[in-house]
A.B. asks: 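The following block contains the structure, expressed as structure tokens.
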There are 2 protein chains.
Amino acid sequence: MTLAVAVTSQYSDEPKSGGIASLIGRSILAGVMSRSYAPKQDVFYEGDPRRSVYQVESGAVCLYKCMPDGRRQIFDFAFPGDLIGLGASAVYSCGAQAIGSVQLKSIPLSRVYDMASKDPELALGLYHAISSELEATRDLLLTLGQRDATERVAAFLLTLSQRNVRAGKSPCLLTIPMTRSDIGDLLGTTIETVSRCLTRLRQQRLIDVIRGSIIQIIDIDGLKALAGQMYH
Amino acid sequence: MTLAVAVTSQYSDEPKSGGIASLIGRSILAGVMSRSYAPKQDVFYEGDPRRSVYQVESGAVCLYKCMPDGRRQIFDFAFPGDLIGLGASAVYSCGAQAIGSVQLKSIPLSRVYDMASKDPELALGLYHAISSELEATRDLLLTLGQRDATERVAAFLLTLSQRNVRAGKSPCLLTIPMTRSDIGDLLGTTIETVSRCLTRLRQQRLIDVIRGSIIQIIDIDGLKALAGQMYH
DNA sequence: CGGAGGATTGACCGGTATCAATCACCGTGG
DNA sequence: CCACGGTGATTGATACCGGTCAATCCTCCG
């Protein structure tokens, strides 16, 4: 059995950075104190020198990039266990901002690379972590390029559902920590459209909006069908 | 000087896989025979077991994913020197198809991983290669999520321009190997809209469409301004 | 020269952005 | 404990960008 197969089977089912996160967690992040961030507080800005990698302990962080005129595109939300800040270039290629109150562990990138240069398994772990991010980003790209507004919202809810499953929680009871504006900036639409799509999904008896920030999925298969499958 | 800095400075300016490509090229791909692919021929399909990594010798390849109903999202075009097929999961997460006639070198992934498991520098090189892909994908995501049709086409032309520069060619004389349909599937619009935006850019004296597949950029700064900067 | 595929242009329509008003939720202070 | 205020969410009316359908044009080859 080659390392390729071993590595692949180890990480292929990780939606995001779970595999490498635990790897780094075991070898490096263990014992590191976590720091608190207030809602809306920036963890790092796009263009800052890339000094640290962070692991979310609690709360949610969004990764985004802004255009000169203020338009904002969110690339992903990071939840407990996820790593943020990995990348090849010398500066962060996107900013990171706390959604609510957040706790993060941080580790100097130089130390990560230092260890990775002596430990091929760790280096390949970094490779796999970024690969997973790339796949998730491509999925979102497919969503923005090909799906209409309702399908986008459905797809978004399904990724939240999958994250719940990964975290050992119910796939159908979603707590939404981010605002409609954040969702809009992720899906390339507006607050109003997100809201309208949610009511449409509610009217179709696919979901139930318990309290704005709490959404219950009633018909997850119907939701998957609407989003265009691909969520096996 | 830590390895982190060394590695960063070595790769940070590579828009895509140039750094790792040359690294792999030197160590592995040297001497490998290249194989020809006919226009529209598939290199690999989404879902195929991930066995090989390819380097484009000549021509252009598109990476894409299709939805059940036939909608297609192109993630990127690969040009000579670019690597395709890297990734963490056991199967290809997207398909690859030749745009015109194409020549590719291929190398078994197992061999790459085999070497990477003994050579941390190579492993970190894979990490950097994927990181660059991620950054390019995020840029496209920003384009699809936030820019209108004309801005998207402008941004697309500018990335082609940058690739030209990277290949040592003129930044303002673009040869477009892909069809309008391909461009539309990259930008999340239709053939007609792409065409209309090109004529609009022509009317604004920003470009000149020499012959459908040959476009001259007249005012590259104007084009950058229209796309919303970010192309320093 | 003629045919075929791709590109352009036009007419029309629908989905989504925009602008605006109302509503719901939650923390604060009376 | 309740009234109040502020922020975020929902809903409605309207405009417009871009998708769709259709016709014509261009370019490349046979």
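Reminder, nothing fancy here: chain letters follow the sequence lines and each chain counts from 1. Predicted, not measured: the structure shown is a model, and the values here were computed from it.
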A.B. asks: Parallel under 30°, tilted from 30 to 60°, perpendicular over 60°: which one fits the rings of B:Tyr92 and B:Phe44?
C.D. replies: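 The rings of B:Tyr92 and B:Phe44 lie parallel, inter-plane angle below 30°.
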A.B. asks: D:dT11 phosphate, OP1 or OP2: any side-chain N/O from A:Arg202 under 4.0 angstrom?
C.D. replies: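 Yes, A:Arg202 has a side-chain N/O under 4.0 Å of OP1/OP2 on D:dT11.
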A.B. asks: Please determine whether a side-chain nitrogen or oxygen atom of B:Thr199 lies at a distance below 4.0 Å from atom OP1 or OP2 of C:dT9.
C.D. replies: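 True: B:Thr199 side-chain N/O within range (under 4.0 Å) of C:dT9 OP1/OP2.
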A.B. asks: As an exercise, state the distance from CG of B:Asp82 to CG of B:Leu104, rounded to the nearest 0.5 Å.
C.D. replies: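 Between atom CG of B:Asp82 and atom CG of B:Leu104 there are 11.0 Å.
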A.B. asks: Please give, in whole Å, the distance from C:dG6 P to B:Asp185 CG?
C.D. replies: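 Roughly 13 Å, once rounded to whole Å.
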A.B. asks: With a non-hydrogen cut-off below 4.0 angstrom, is A:Arg196 in contact with a base, only sugar-phosphate, or nothing?
C.D. replies: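 If one applies the 4.0 Å heavy-atom cut-off, A:Arg196 turns out to touch a base.
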A.B. asks: CD1 of B:Ile210 versus P of D:dC26: gap in Å, rounded?
C.D. replies: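 It works out to 17 Å between those atoms.
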A.B. asks: Counting heavy atoms from C-beta on, name the nucleotide in C:dA17, D:dT10, C:dT16 closest to the side chain of A:Thr190.
C.D. replies: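 Given the options C:dA17, D:dT10, C:dT16, the side chain of A:Thr190 is closest to C:dA17.
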A.B. asks: For B:Asp148 and C:dG15, give me the distance from atom CG to atom P, rounded to whole Å.
C.D. replies: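 Going from B:Asp148 (CG) to C:dG15 (P), I get 20 Å.
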A.B. asks: Figure out the NZ/P separation between B:Lys40 and C:dG5, and round it to whole Å.
C.D. replies: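 Rounded to whole Å, this separation is 12 Å.
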A.B. asks: Just N and O in the side chain of A:Arg180: are any of them under 4.0 Å from OP1 or OP2 of D:dT10?
C.D. replies: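 Indeed, a polar side-chain atom of A:Arg180 lies that close.
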A.B. asks: Could you tell me if the side chain of A:Ile74 sits less than 4.5 Å from the side chain of A:Met178, heavy atoms only?
C.D. replies: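 No, too far: nothing below the 4.5 Å cut-off.
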A.B. asks: Need to verify one output field. Residue with the more 5' nearest nucleotide on DNA chain C, B:Met178 or A:Ala149?
C.D. replies: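 On the 5' side of the pair lies B:Met178.
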A.B. asks: Name the closest nucleotide to the B:Thr193 side chain, picking from D:dA9, D:dG18, C:dT8.
C.D. replies: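 Of all the options, the side chain of B:Thr193 is nearest to D:dG18.
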A.B. asks: Check every strand shown and say whether A:Gly188 touches a base, only sugar-phosphate, or nothing at a heavy-atom separation below 4.0 Å.
C.D. replies: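 Sugar-phosphate: the residue A:Gly188, judged by heavy atoms under 4.0 Å, touches backbone atoms but no base.
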A.B. asks: Which whole-number value in Å describes the distance from B:Glu192 CD to D:dA22 P?
C.D. replies: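 For the pair B:Glu192 CD and D:dA22 P, the rounded distance is 12 Å.
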A.B. asks: Does a side chain donor of either A:Asn164 or A:Ser161 reach within less than 3.5 Å of an acceptor in the other side chain?
C.D. replies: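 A:Ser161 and A:Asn164 do not have a side-chain donor-acceptor pair below 3.5 Å.
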A.B. asks: Below 4.0 angstrom from OP1 or OP2 of D:dC28, is there any side-chain N or O of B:Arg211?
C.D. replies: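 So the side-chain polar atoms of B:Arg211 do come within 4.0 Å of the phosphate oxygens OP1 or OP2 of D:dC28, strictly under.
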A.B. asks: Which nucleotide in the list D:dG19, D:dG8, C:dT18 gets nearest to the side chain of A:Thr179?
C.D. replies: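 Per side-chain heavy atoms of A:Thr179, the pick is D:dG8.
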A.B. asks: When the distance from CD1 of B:Ile215 to P of D:dT27 is rounded to whole Å, what number comes out?
C.D. replies: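 Taking atom P of D:dT27 as the reference, CD1 of B:Ile215 is at 14 Å.
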A.B. asks: Between CG of A:Asp139 and NZ of B:Lys65, what distance do you get to the nearest 0.5 Å?
C.D. replies: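 It is 4.0 Å, given to the nearest 0.5 Å.
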A.B. asks: Rounded to whole angstroms, how far apart are CG on B:Asp182 and C1' on C:dA7?
C.D. replies: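 It is 13 Å, rounded to the nearest whole Å.
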